[in-house]
Amino acid sequence: MRLDRFVCKSTELTRAQACSVIERGEVCVNGQTMTSERTQVHENNQVTLNGVKLSCRPFRYLLLNKKAGTICSNIDEVYPSLFNSIDIQHRDELHIAGRLDADTTGLVLITDDGRWSFNIITPSKQCSKVYRVSLSKPIDTSAVGKFKDGVQLQGEGQLTKPAILTIITPKDVRLTITEGKFHQVKRMFASIGNKVVKLHRERIGDIQLDVEPGEWRYLTQLEVESFFDRDRQEGE
Ligand code: URA
């Protein structure tokens, strides 16, 4: 991560204050004075501020049940940010691993660990996301095969990756996908002439939503590691 971010994550300094102490030559990395805030450092580098060793705060991992009419952004826009319901220190350091539309509800994973969220959002990691979908019209059973084979979304060069569609009732289905294209679920149903009227994310990887709308909790160690394991297994 950048040196100014490291200084922020290990002190109470703001980004501007961190840049100032770096520019003034008060920060050393592995014994060498660094005056550029852009210097890249690793968590296990020895970083000091005026001779005092800095240690990054531990990373945080949360899940939240997003309410409809909130947005996956760090600031309020047309709708309020979902971060308003997370009252913890250094909230501005958190980001969302896989955004939902304003009208979509359900599971959102939140962290300040960019390497962890990379495992969730990057398509090559094939992390599964499970959605409960309400439709405007009854669905034909042929959709199961179409989604398994991949469908053509408007403006995309390639078919969607194999997806699992389970029909619960003709207008209520469950869809598992491993990609996260813009408005992907809504566009997949549009491609077969249907329309999503309600969308709710139930699961990401092994992590199941288990809190009430608008509530959040920290992930367990096991839940956090479920995404690191994926990383390690692929590296083996
Ligand atoms: N697909 C969509 O179309 N919308 C979402 O919010 C998530 C997945």
Side-chain angles (χ1 to χ4, degrees), residues 62-86 94-111 116-140 143-144 146-168 171-216 227:
L62 291 66
L63 72 73
L64 176 134
N65 188 345
K66 180 186 174 295
K67 291 199 284 190
T70 58
I71 49 166
C72 289
S73 159
N74 289 61
I75 50 165
D76 295 341
E77 292 170 24
V78 177
Y79 296 101
S81 160
L82 57 71
F83 281 101
N84 290 339
S85 54
I86 304 173
L94 298 170
H95 65 266
I96 291 163
R99 290 163 178 250
L100 294 176
D101 299 334
D103 58 352
T104 304
T105 58
L107 177 58
V108 173
L109 296 178
I110 298 169
T111 185
W116 185 80
S117 52
F118 178 80
N119 288 334
I120 298 167
I121 56 181
T122 197
S124 65
K125 299 285 178 184
Q126 304 241 329
C127 172
S128 62
K129 291 112 190 162
V130 182
Y131 293 88
R132 186 77 180 255
V133 191
S134 302
L135 298 166
S136 67
K137 291 192 274 186
I139 194 162
D140 193 276
V144 175
K146 287 182 185 161
F147 281 0
K148 183 163 173 275
D149 294 342
V151 289
Q152 184 66 55
L153 301 184
Q154 251 188 352
E156 300 289 343
Q158 287 177 341
L159 296 183
T160 52
K161 295 248 158 56
I164 303 167
L165 178 69
T166 311
I167 300 177
I168 302 163
K171 287 166 105 180
D172 183 17
V173 301
R174 185 168 277 123
L175 181 68
T176 303
I177 58 174
T178 58
E179 304 169 280
K181 291 190 167 69
F182 184 61
H183 294 328
Q184 174 148 353
V185 176
K186 291 173 185 165
R187 287 163 74 205
M188 285 177 74
F189 285 97
S191 79
I192 56 162
N194 213 320
K195 187 169 187 300
V196 172
V197 291
K198 221 160 133 200
L199 185 57
H200 177 80
R201 187 155 65 194
E202 297 179 326
R203 190 159 64 76
I204 298 178
D206 294 335
I207 301 179
Q208 188 82 32
L209 185 62
D210 57 3
V211 298
E212 294 298 312
E215 294 191 350
W216 66 274
F227 292 109

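Along the sequence shown, residues carry numbers from 1. Numbering of ligands and ligand atoms starts at 1, following listing order.
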Which pairs of N or O atoms, one from ligand 1 and one from the protein, are separated by less than 3.5 Å, and what is the distance for each pair?
residue	atom	partner	partner atom	Å
ligand 1	1 (N)	V185	N	3.1
ligand 1	3 (O)	H183	O	3.2
ligand 1	3 (O)	V185	N	3.3
ligand 1	3 (O)	K186	N	3.1
ligand 1	4 (N)	D101	OD2	2.7
ligand 1	6 (O)	D101	N	2.8
ligand 1	6 (O)	D101	OD2	3.4
ligand 1	6 (O)	T104	OG1	2.9

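- With sequence neighbours excluded, the residues satisfying side chain to side chain donor-acceptor pair (under 3.5 Å) with E77 are S73.
- Looking only at distances, a side-chain donor or acceptor of N65 sits under 3.5 Å from a matching main-chain atom of V211.
- Between the side chain of K66 and the backbone N or O of T104, at least one donor-acceptor pair lies under 3.5 Å.
- When the side chain to side chain donor-acceptor pair (under 3.5 Å) test is applied to R187, the partners found at least two apart in sequence or on another chain are E156.
- The residues E202 and K129 are annotated as not salt-bridged, no charged nitrogen and carboxylate oxygen being separated by less than 4.0 angstrom.
- For F189, the ring pair (Phe, Tyr, Trp, His ring centres under 6.0 Å) partners at least two apart in sequence or on another chain are F147.
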